[in-house]
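Residue numbers start from 1 in every chain, and the chains themselves are labelled A, B, ... in the order their sequence lines are given, proteins ahead of strands. This one's a predicted model, so the numbers in the text were calculated from it and none came from an experiment.
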Amino acid sequence: MNSMPEFENNNAARYTPSEIEPKWQARWDADPALYAAGPHSAGKPKFYCIEMLPYPSGVLHIGHMRTYAVGDTLARFMWMRGYNVLHPMGWDAFGLPAENAALKNGTPPREWTLGNIAAMRTQMRRMGFSYDWAGTEIATCLPEYYRWNQWFFLKMYERGLAYRKSSKVNWCPKCATVLANEQVVDGCCWRHEGTLVEQRELEQWFLRITKYADELLDGLDAMPGWPEKVRTMQRNWIGRSEGARVTFDVVPEPKEQGTEIREQERQHIAVFTTRVDTIFGATSVQLAPEHALIKQWAQTDAVLARAVDEMIAQQKAAREAGDIGTIEKKGVSTGRYAINPFNGERLPIWVANYILADYGTGAIMSVPAHDARDFEFAQKYGLPIKRVVAPNLDTDDLELPYTDEAESVLVDSGEWTGEASLEAQDKMARFAEEHGFGKKTTTYRLKDWGVSRQRYWGTPIPMVYCKACGIVPVPEDQLPVLLPEKIEITQEGGSPLSRVPEFVNVACPKCGEPARRETDTMDTFVDSSWYFYRYTDARNAHAAFDSAKANYWFPIDQYIGGVEHAILHLIYSRFWTKVMRDLGLIANSEPATRLFTQGMVIKDGAKMSTSKGNIVSPDLMIAKYGADATRMYALFAAPPDRDLEWQEEGVAGISRFLARVYRLTMKFAAAVEEEQTTANAEGAEGTRKNAEESDAGRTLLRVLHQTVAKITEDFNGRWHFNTCIAAIMILVNEISAREAAIDAGEISAGTVAEVSRTLILLLAPFAPFMAAELWEQMGNDSVLLRQPWPEADAELARESVVEIPVQVNGKLVTVVKVAADADDETIKAAAFADEKVAARIAGKTVVKTIVVKGKLVNLVVK
RNA sequence: GCCGGUGUGGUGAAAUGGCAGACACAACGGACUUAAAAUCCGUUGGCGCGAAAGCGCCGUGCGGGUUCGAGUCCCGCCACCGGUACCA
């Protein structure tokens with residue numbers, strides 16, 4: 001037995017995250033004030049940082065974990081920078097999976113959901129995320145929260161922003177329920193693959209988001225802190241297009257001729273077009289298969305009826321196959337005609353499968369010469385193609401379809417011939433309006449938000465239907481309308497709540513007579529549309545939140561989440577913000593100044609997901625490598641906005657790095673103590689004496705301060721945490737390389753103390769458990785999170801000698817060393833003095849010398 | 001089709017228009033060990049020359065351009081990933 005090495009081994013501090021992490025987790029859990037935001041009057045600048053709240057599915061996924069690691073690292077940094085930080089967490093706790101779980105194993109949705117929340121909260125605590133649980137945690141399925149959904153709904157109803165109308169909805173015949181658009185996958189139910197979703201006409205509640213369409217769209221231009229991608233997606237989703245509506249009269253049926261047609265019996269077709277300037281080129285009118293007139297005509301026209309049915313069936317099939325965009329254009333003539341109000345031409349009316357019923361008016365004028373789709377259609381069916389726009393009046397040969405409008409003029413367009421396209425659009429629309437057959441119109445792709453769901457696990461819509469009084473809102477003082485908890489979830493159709501008599505039967509709030517409650521619940525996107533306001537005042541029992549608190553914290557300084565919410569959640573919550581502003585509750589018009597969308601986590605080349613079976617469990621990672629290594633790897637492996645390939649070897653690498661840091665730092669603890677003792681004795685801030693420090697010590701200090709500067713800069717700007725961590729690794733490598741010198745006392749205790757101390761501070765946002773442990777082991781009893789972030793000392797960070805690459809004609813020849821503050825002439829001289837340079841330029845003429853101070857020299861020779 | 005994004009070693013990736021491949025992972029070689037693990041040290045873009053120190057050439061998806069100088073900027077392509085899809 002040779003005891004010497006073993007002795008040393010035993011003496012070296014071993015990094016044991018399995019001991020350190022639970023110890024600190026317990027301490028942090030026991031101190032609710034640790035992550036609580038300070039008072040508003042504290043004189044500190046505020047920083048409101050949120051990661052999108054998760055759905056409590058039961059397991060924290062490594063993809064979530066990455067998002068939270070990004071937010072947590074930033075929040076910790078901002079704490080240390082002296083900001084008043086609000087960093088909340090909550091649960092998007094309503095939704096269909098809870099009902100599915102109930103169906104599958106009989107667990108009541110509430111129980112299932114709260115159980116999942118508890119499990120995930122534990123996972124998050126294990127990761128060491130700095131959430132103010134006590135002050136902010138919310139679960140949207142609790143009455144304390146959802147009563148305010150109901151309250152907002154009533155406010156919107158009062159203002160005409162919530163209304164009820166009959167509308168088409170997605171209906172799964174197997175679930176016997178309405179589905180949200182996002183639950184329709186390739187035309188089928190997400191739970192019943194292969195079961196086509198039907199369109200059913202139902203009475204539904206809608207929120208009038210279209211009232212804010214222009215503001216939602218225009219606001220995007222003034223949001224530089226949001227990714228361009230998200231803004232573009234929202235612009236497309238809102239889909240504003242300016243054009244004109246033009247009314248075409250339908251020519252009466254021959255059989256009707258001779259008899260007097262009364263004005264109210266006349267039929268009209270309104271078409272929407274963005275190119276009214278091309279109207280002289282219209283050669284047919286095309287209606288959507290679902291258009292009201294088609295339905296009417298089909299009643300007496302069996303051939304038409306069959307054709308329309310076929311079209312609708314075919315569209316369904318195409319949707320099922322997922323290739324709705326590539327479906328072949330098909331149409332059938334209705335045998336009827338419409339009159340072009342501009343020139344009196346008689347145009348055949350067709351029904352065509354490429355006309356969308358729910359966009360514009362569900363009808364178009366077909367201008368084959370100037371629209372690619374109309375062109376394709378006209379060619380297929382031999383409809384005339386009439387050119388009415390050209391680059392100029394003399395154009396003979398022109399490839400069709402010709403769709404340019406910016407530099408085109410009208411031809412063969414009667415009195416409008418010669419007009420520029422863009423101007424004609426405006427003039428012709430006004431002409432139509434003056435003559436009563438049209439109007440300038442703006443159309444949006446965005447539709448009002450249908451919020452009714454025939455489901456159980458959601459917020460009850462606070463409305464009552466009374467035979468005598470009609471729709472009666474539940475009075476505010478009767479909120480919340482509680483969701484009954486004892487309910488059997490079955491496969492039966494219709495709203496589950498409609499089968500709970502105690503819930504349904506209610507006295508009319510107005511007249512007191514027996515009435516029925518609304519049994520639909522709200523879309524869960526309502527819950528997440530305003531939750532971040534609730535965080536600012538989460539325990540308020542009298543209001544959704546206190547305006548003063550919301551106004552202090554809003555807008556959110558940094559919102560972090562997945563790009564998959566770019567449209568739905570992020571439009572709904574912008575809408576909600578504007579409504580709340582108009583209700584006088586808040587002062588801001590947009591919820592978040594900056595939005596960050598992190599990349600996906602990839603495993604084996606595919607997005608990590610349960611269905612692909614390539615899930616990595618954070619718990620397993622924590623058990624093997626610790627939470628610090630797990631979260632640090634998630635930040636190190638790629639910049640946060642990029643997709644991240646999860647490689648376990650990488651986590652192992654980080655954990656080795658942390659072990660090295662731990663061992664080194666623990667070893668220097670003695671030096672730190674010595675330093676502190678001396679400092680106390682001298683009453684000064686430190687004993688470092690730079691002038692007397694060894695070269696090794698000075699180099700170490702230089703690297704240290706360079707690292708501080710780099711990380712501080714990256715936190716404030718680009719968020720490239722991967723290079724921040726790399727910088728810390730470089731620093732640790734430098735320390736490691738000087739371990740022997742430190743052991744030999746060649747570097748002063750003051751320097752060793754400063755380096756160790758600062759290293760811990762730098763690690764604090766990335767590896768909070770280990771940093772806290774080391775901080776304590778160094779003899780500090782202060783809270784690491786409350787320590788000020790280190791300041792980079794520019795003087796110490798400065799290099800005295802720099803290496804300047806020398807190029808000849810742009811090609812690297814050598815590197816020369818010069819003083820960091822050398823002037824151009826000195827650098828130039830050093831370059832010319834170099835042998836290799838001399839050899840390279842021998843016999844040639846130097847025509848130009850470029851000196852970039854501190855960077856390089858380039859000699860241009862001939 | 002349209003809108004984003006990405007293309008750099010065996011892999012993840014670095015690089016305000018200024019030494020391409022930092023920092024890691026993996027691999028290989030070595031030290032320690034009876035052995036292994038752990039740890040530490042070293043090598044690692046390609047090709048060529050050299051006994052070696054070293055030296056030369058090529059190299060950031062492809063083709064052009066701007067510049068003293070391009071992974072980076074401009075023009076035109078290609079591939080992959082994501083979103084969207086007949087929006088009149």
Side-chain angles (χ1 to χ4, degrees), chain A residues 2 5 9 12 14 227-233 235-237 239-241 243 271-276 278 286 315 322-329 352-356 358-367 370-374 376-377 443-446 563-564 566-567 599-600 602 605-607 633 636-639 641-654 656-657 659-660 663 713 717-718 720 722-730 732-733 736 739 803-815 836 847-850 852 854-861:
Chain A
N2 44 4
N9 248 349
R14 273 190 59 228
E228 189 52 48
K229 176 178 184 168
V230 171
R231 292 193 283 163
T232 304
M233 283 169 80
R235 280 191 196 103
N236 293 339
W237 183 261
R240 178 165 71 192
S241 69
V271 306
F272 175 73
T273 178
T274 53
R275 292 296 306 274
V276 67
T278 65
Q286 304 284 347
Q315 271 175 316
D323 59 359
I324 187 78
T326 57
I327 187 170
E328 197 196 343
K329 291 184 180 35
N353 65 351
Y354 71 99
I355 309 303
L356 303 174
D358 53 5
Y359 182 78
T361 60
I364 64 149
M365 60 178 200
S366 177
V367 185
H370 307 295
D371 181 280
R373 292 153 304 177
D374 295 346
E376 185 191 334
F377 189 85
T443 307
Y444 301 87
R445 214 183 85 110
L446 181 73
V563 75
E564 65 271 20
I567 294 178
M600 294 186 296
I602 305 286
K607 182 183 176 170
Y633 171 72
F636 177 66
D641 52 338
R642 263 215 241 177
D643 287 353
L644 165 76
E645 169 86 27
W646 193 266
Q647 287 176 321
E648 197 175 323
E649 298 82 6
V651 189
I654 296 286
R656 283 198 295 271
F657 166 73
R660 210 146 54 95
R663 184 185 66 77
E713 195 185 316
R718 317 174 309 156
H720 278 196
N722 54 333
T723 54
C724 290
I725 294 169
I728 297 176
M729 287 173 170
I730 293 169
V732 171
N733 289 345
S736 197
E739 194 178 349
E803 295 191 332
I804 304 282
V806 182
Q807 299 178 336
V808 173
N809 286 344
K811 279 190 91 160
L812 181 71
V813 173
T814 190
V815 175
K836 282 187 190 167
V847 290
K848 198 171 175 186
T849 307
I850 292 130
V852 184
K855 280 282 165 58
L856 106 170
V857 176
N858 188 13
L859 308 177
V860 186
V861 300

> Dot-bracket for RNA chain B, 5' to 3', counting Watson-Crick or G-U wobble pairs under 3.5 Å, with [ ] for crossing pairs and | for inter-strand pairs?
(((((((..(((.....[....))).(((((.......))))).(((((....)))))..(((((..]....))))))))))))....

> Which value, in whole Å, describes the distance between the P atoms of nucleotides B:G10 and B:G65?
29 Å

> Would you sort out whether A:K836 and A:V815 count as a side chain to side chain contact (heavy atoms under 4.5 Å, CB included), showing the intermediate values?
CA-CA 10 Å; A:K836 282 187 190 167; A:V815 175; over 6 Å; no

> Pick base, sugar-phosphate or nothing for A:D374, based on heavy-atom distances below 4.0 Å to the nucleic acid.
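If one applies the 4.0 Å heavy-atom cut-off, A:D374 turns out to touch nothing in the nucleic acid.
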
> Within the 4.0 Å heavy-atom criterion, would you say A:N858 contacts the bases, only the backbone, or no part of the nucleic acid?
base

> Look at the rings of A:F377 and A:Y354 and say which category their plane angle falls in: under 30° parallel, 30 to 60° tilted, over 60° perpendicular.
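Answer is tilted, since the angle falls between 30° and 60°.
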
> Check the pair A:E648, A:Y633 against side chain to side chain contact (heavy atoms under 4.5 Å, CB included), reporting the backbone distance first and the verdict last.
CA-CA 9 Å; A:E648 197 175 323; A:Y633 171 72; over 6 Å; no

> Rounding to an integer number of angstrom, what distance separates B:C78 and B:G45 when you compare their P atoms?
34 Å

> Taking the side chain of A:S241 as heavy atoms from C-beta outward, which of B:A88, B:G69, B:C19 is closest to it?
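In terms of side-chain proximity for A:S241, the closest of B:A88, B:G69, B:C19 is B:A88.
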
> Measure the distance from CE on A:M600 to C1' on B:C81 and round it to the nearest whole Å.
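These atoms are roughly 7 Å apart.
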
> Between the side-chain atoms of A:E228 and the base atoms of B:G4, is any donor-acceptor pair under 3.5 Å?
no

> How close or far is atom P of B:U11 from atom CD1 of A:I602, stated in whole angstroms?
17 Å

> For the side chain of A:P639, counting heavy atoms from C-beta on, which of B:A13, B:C68, B:A20 is nearest?
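In terms of side-chain proximity for A:P639, the closest of B:A13, B:C68, B:A20 is B:A13.
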
> Determine, for A:R656 against A:E649, whether the closest basic-nitrogen to carboxylate-oxygen distance falls under 4.0 angstrom.
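Looking at A:R656 and A:E649, the cut-off is not met.
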
> Rounded off to whole Å, could you give me the CD-to-C1' distance for the A:E328 and B:C86 pair?
13 Å

> Which atom names give the shortest non-hydrogen contact between A:D374 and A:M365, and what distance separates them?
OD2-O, 3.8 Å

> Would you check if the side chain of A:D643 reaches a backbone N or O of A:M600 as a donor-acceptor pair within less than 3.5 Å?
yes

> Please examine the side chains of A:N809 and A:V860, heavy atoms only from C-beta on, and report whether any two atoms are closer than 4.5 Å.
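In contact.
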
> By nearest heavy atom, map A:L644 and A:T232 onto RNA chain B; which one lands nearer the 5' end?
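Looking at RNA chain B, the more 5' nearest nucleotide goes with A:T232.
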
> Could you state the CG-C1' distance from A:L856 to B:G69, rounded to the nearest angstrom?
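Interatomic distance, CG of A:L856 to C1' of B:G69: 8 Å.
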
> Scan A:V852 against the nucleic acid and name what it touches under 4.0 Å (heavy atoms): base, sugar-phosphate only, or nothing.
base

> In sequence, state the C-alpha distance, the side-chain angles, and the governing distance for A:D371 and A:R275, and then conclude on side chain to side chain contact (heavy atoms under 4.5 Å, CB included).
CA-CA 9 Å; A:D371 181 280; A:R275 292 296 306 274; over 6 Å; no

> Which nucleotide wins on minimum distance to the side chain of A:K836, given the candidates B:A15, B:C55, B:G69?
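Side chain of A:K836 sits closest to B:C55.
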
> Might you confirm whether atom CD of A:E739 has over 12 heavy atoms from other residues, nucleotides or ligands at distances under 6.0 Å?
yes

> Whole angstroms only, please: what is the CD-P distance between A:E564 and B:G5?
18 Å

> Using the C1' atom on both, measure B:G61 against B:G5 and round to a whole Å.
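Their C1' atoms lie roughly 15 Å apart.
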
> Within 90° of 0 counts as syn, otherwise anti: where does B:G29 fall?
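B:G29: anti.
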
> Taking the C1' atom of each, how far is B:G82 from B:C25, in whole Å?
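Between the two C1' atoms, the distance is 27 Å.
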
> A:L356 has a side chain; which of B:A85, B:A88, B:C19 sits nearest to it?
B:A88

> Relative to the 5' end of RNA chain B, which residue comes earlier, A:H720 or A:N353, by the nucleotide with the nearest heavy atom?
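Result of the comparison: A:H720.
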
> Suppose we call a contact any N or O donor and acceptor under 3.5 Å apart; does that hold for the side chain of A:K848 and the base of B:C68?
no

> One character per nucleotide, please: for nucleotides 21-32 of chain B, 5' to 3', B when the base has a protein heavy atom closer than 4.0 Å, S when only the sugar-phosphate does, - otherwise.
-BBSSS------

> How far, in whole Å, is B:C74 from B:G83 if one measures between their P atoms?
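The same atom, P, in both gives a distance of 27 Å.
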
> Are any of the side-chain heavy atoms of A:Q286 and A:K329 separated by less than 4.5 Å?
no

> Please measure how far the C1' atom in B:G69 lies from the corresponding atom in B:A85, and state the result in whole Å.
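Approximately 45 Å lies between the C1' atom of B:G69 and that of B:A85.
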
> Can you see if the side chain of A:K811 gets near the phosphate of B:C68 - specifically, an N or O under 4.0 Å from OP1 or OP2?
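For B:C68, neither OP1 nor OP2 has a side-chain N or O of A:K811 closer than 4.0 Å.
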
> Can you tell me the distance, in whole Å, between the NZ atom of A:K229 and the C1' atom of B:G83?
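Checked: the NZ to C1' distance equals 6 Å.
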
> Please state the C1' separation for the pair B:C3 and B:A20 - nearest whole angstrom.
32 Å

> Quickly work out the A:R231 CZ to B:G83 C1' distance and round it to whole Å.
17 Å

> Say you pick atom C1' in B:A22 and the same atom in B:G76; how far apart are they, in whole Å?
33 Å

> If the cut-off is 4.0 Å, is A:R642 near the phosphate of B:G7, judged by side-chain N/O to OP1 or OP2?
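Looking at the OP1 and OP2 atoms of B:G7, one of them is under 4.0 Å from a side-chain N or O of A:R642.
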
> Mind calculating the distance between CD1 (A:I804) and C1' (B:G69) to the nearest angstrom?
15 Å

